[in-house]
There are 2 protein chains.
Amino acid sequence: MRTRKRIPTHPGGILKRQYMEPLSLTVSELAGTLGISRKTLSKIVNERGDVTPDMALRLSRAFSTTPELWINLQRNYDLWEASHKSNDWKLIEAIAC
Amino acid sequence: MRTRKRIPTHPGGILKRQYMEPLSLTVSELAGTLGISRKTLSKIVNERGDVTPDMALRLSRAFSTTPELWINLQRNYDLWEASHKSNDWKLIEAIAC
DNA sequence: ACATATGTAACCCTAAGGGTTACATTATAG
DNA sequence: CTATAATGTAACCCTTAGGGTTACATATGT
């Protein structure tokens, strides 16, 4: 596995800087558009909440992107986190084949 | 979004048919190798459990694959499920830009 | 100064991952 | 046919996490 040196950008950061700020979108407005609570969006934007598959679909509608864009960002983030949280998985031996 | 007609293959099905069966690996053996319980692996193999990021890392070690292989299969499955569980997200309007 | 936006705490509910033990069932080897 | 191994899964426990609402103190901007 190619290991990134630094933690991948959280989808919330991208959402904030690349999508909301350029359009001067407020958290309240976007939350309303997405049909979710301010709290949930605030957590994501501040990188304390994950982009779930359902949220990826909602974001894809609002910003005319693919849901994969969001889910992939989240996936990379999750994978990096999981690989650094514990080293147990590194001890697993490849199965001879 | 490109919508698949049928539900994407669950990672458990791939694991079972493409990796375990060719090597005559039993659930018990593989669970031991992966350092997880029989129950957890059984659920995944029978498509009643999800491949978490940690599990993707473990599987990647055991079968010398990338963790992305497993996480992507799971992601596609999750996305399909989320998009069919509710239609709320389809009502969201694109933000003018 | 006033209205808006924001982060977040408190609290509630639900779902899901993962572990262990135990047991009935199925398969397989002898 | 019988003994052993493998399996699925139920029951039970614990922990984490998503998401909602309400409320409030703190910005920010007009």
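Per chain, numbering begins at 1; letters A, B, ... match sequence-line order. Values below: every heavy atom of this structure, side chains too, minus hydrogens, waters and symmetry copies. Bear in mind that the values here come from a model prediction, so they are computed numbers and not experimental data.
Remark: P of C/dT6 and CD of A/Glu21 are 11 Å apart, rounded to the nearest angstrom. When rounded to the nearest whole Å, the span between NZ of A/Lys43 and P of C/dG7 equals 13 Å. We find that NZ of A/Lys85 is positioned 11 Å from C1' of D/dA17, with the value rounded to whole Å. When rounded to the nearest whole Å, the span between CD1 of B/Ile36 and C1' of D/dT7 equals 15 Å. Distance, A/Asp50 CG to D/dA17 P: 8 Å, rounded to whole Å. Separating the CG atom of A/Asp54 from the C1' atom of C/dT14 is a distance of 15 Å, rounded to the nearest angstrom. Rounded to whole angstrom, the span from the NZ atom of B/Lys16 across to the P atom of D/dG8 amounts to 7 Å. Per the geometry, CG belonging to B/Leu34 stands 11 Å off P belonging to C/dG18, to the nearest Å.
How far CG of A/Leu30 is from OH of A/Tyr19: 12.5 Å, rounded to the nearest 0.5 Å. Of the inter-residue distances, the one linking A/Glu68 atom CD with A/Arg75 atom CZ reads 11.0 Å to the nearest 0.5 angstrom.
Distances shorter than 4.0 Å separate some side-chain N or O of B/Ser28 from OP1 or OP2 on D/dT7. Note on B/Arg38: every side-chain N or O is 4.0 Å or more away from OP1 and OP2 of C/dT21. Contact check, A/Thr52 against D/dG19: a side-chain N or O comes under 4.0 Å of OP1 or OP2. Side-chain N/O atoms of B/Thr40 include one lying less than 4.0 angstrom from OP1 or OP2 on C/dG19. Between C/dT6 and A/Ser42, no contact under 4.0 Å exists linking OP1 or OP2 to a side-chain N or O.
Under a cut-off of 6.0 angstrom, the local environment of CD in B/Glu93 is sparse, with at most 12 non-hydrogen atoms contributed by other residues, nucleotides or ligands.
Between B/Trp80 and B/Arg6, the closest heavy-atom pair is NE1-O, 3.4 Å.
Candidate nucleotides D/dG19, D/dT9, C/dT6 were compared by shortest atom distance to the side chain of A/Lys39, and D/dG19 ranks first. Of the candidates C/dG19, D/dT7, D/dT21, the closest approach to any side-chain atom of A/Ser37 belongs to D/dT21. Comparing D/dT7, C/dG7, C/dT20 by their nearest atom to the side chain of A/Val27 picks out C/dG7.
Between B/Ile44 and A/Glu29, the one whose closest nucleotide on DNA chain C sits nearer the 5' end is A/Glu29.
Side-chain contact annotation: B/Thr65 with B/Trp70, donor-acceptor N/O pair under 3.5 Å present.
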